[in-house]
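Below is one structure, written out as structure tokens; the observations come after it.
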Amino acid sequence: QVRLVESGGGLVQAGGSLRLSCAASGSILSANVMGWYRQAPGKQRELVAAITSGLRTNYADSVKGRFTISRDNAKNTVYLQMNSLKPEDTAVYYCNADLRYYSGSYLRSLDAWGQGTLVTVSS
């Protein structure tokens, strides 16, 4: 079975830093795009950052210059380095990946999600 396993998150003071990680486990063939979403209280889930297997990146305007997404293709792991954190960054952060994997004799695809991890930034 394939799944995404997250680590990181927690409480941090405004201006501080935090690094999230997310690893895809199982018989993974590839992960074309991996990214991070977040959902703040009372708000819609939004894309924070995404990265392709070729290391092209895209960021939400609200985090440009502060957050950095990276990946280790050999480990099928994606990271989100968050610097200069602000109270408005407080949200549940979710890892997402478009995974291709083997299941028996078949090559399958899955839009996988992590369980979510809460990031709280205090004033």
Side-chain angles (χ1 to χ4, degrees):
Q1 192 67 239
V2 297
R3 63 191 181 109
L4 298 177
V5 181
E6 298 180 350
S7 63
L11 295 171
V12 65
Q13 189 175 350
S17 298
L18 197 63
R19 188 165 103 138
L20 307 180
S21 64
C22 172
S25 63
S27 300
I28 306 298
L29 176 64
S30 64
N32 184 31
V33 180
M34 305 185 79
W36 293 91
Y37 289 74
R38 69 184 182 187
Q39 188 167 21
K43 296 184 179 180
Q44 301 277 2
R45 185 176 298 187
E46 65 173 344
L47 177 66
V48 178
I51 185 168
T52 69
S53 60
L55 305 183
R56 293 192 299 274
T57 60
N58 189 51
Y59 297 91
D61 289 339
S62 60
V63 306
K64 286 181 179 178
R66 299 188 298 118
F67 291 10
T68 302
I69 189 169
S70 61
R71 64 186 289 169
D72 184 335
N73 289 332
K75 296 182 178 180
N76 291 312
T77 300
V78 62
Y79 305 92
L80 185 67
Q81 179 66 45
M82 302 182 290
N83 299 135
S84 302
L85 283 162
K86 304 175 180 179
E88 52 262 43
D89 294 319
T90 295
V92 177
Y93 284 71
Y94 298 90
C95 177
N96 174 250
D98 181 15
L99 303 177
R100 296 187 184 276
Y101 65 100
Y102 285 109
S103 179
S105 300
Y106 294 93
L107 177 63
R108 300 181 184 274
S109 297
L110 175 66
D111 183 20
W113 291 87
Q115 78 283 359
T117 183
L118 177 63
V119 172
T120 302
V121 184
S122 62
S123 300

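Hydrophobic clustering of Ile, Leu, Val, Met, Phe, Trp and Tyr side chains at less than 4.5 Å, counting indirect connections, keeps Y37 apart from V78. Residues V119 and V48 fall within the same hydrophobic cluster, defined by Ile, Leu, Val, Met, Phe, Trp and Tyr side chains chained together at heavy-atom separations under 4.5 Å.
Within the 4.5 Å cutoff, the side chain of R38 has heavy atoms near those of the V63 side chain. With a 4.5 Å cut-off on side-chain heavy atoms, L4 and L99 count as touching. The shortest distance between side-chain heavy atoms of Y93 and E6 does not fall below 4.5 Å.
Taken to the nearest 0.5 Å, the CD atom of Q13 stands 5.5 Å off from the OG atom of S122. Atoms CG and CG, from L118 and L11 in turn, are 7.5 Å apart once rounded to the nearest 0.5 Å.
Among all heavy-atom pairs drawn from L20 and G9, the shortest one is CD2-N, 3.1 Å.
The existence of a salt bridge linking K86 and D89 is excluded, since no basic side-chain nitrogen approaches an acidic carboxylate oxygen closer than 4.0 Å.
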Please step through side chain to side chain contact (heavy atoms under 4.5 Å, CB included) for the pair R66 and Y59, ending with a clear verdict.
CA-CA 10 Å; R66 299 188 298 118; Y59 297 91; over 6 Å; no
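Using cut-offs of 30° and 60° on the angle between ring planes, the pair W113 and Y94 is perpendicular.
Counting only distance, with no hydrogens or angles, the side chain of N96 and the backbone of A112 share a donor-acceptor pair below 3.5 Å. Using modelled atom types, no side-chain atom of T68 and backbone atom of Q81 make a donor-acceptor pair closer than 3.5 Å.
Defined by atom type and a distance below 3.5 Å, a donor-acceptor pair is missing between the side-chain atoms of N58 and R56. For R108 and Y101, the side-chain atoms include no donor-acceptor pair closer than 3.5 Å.
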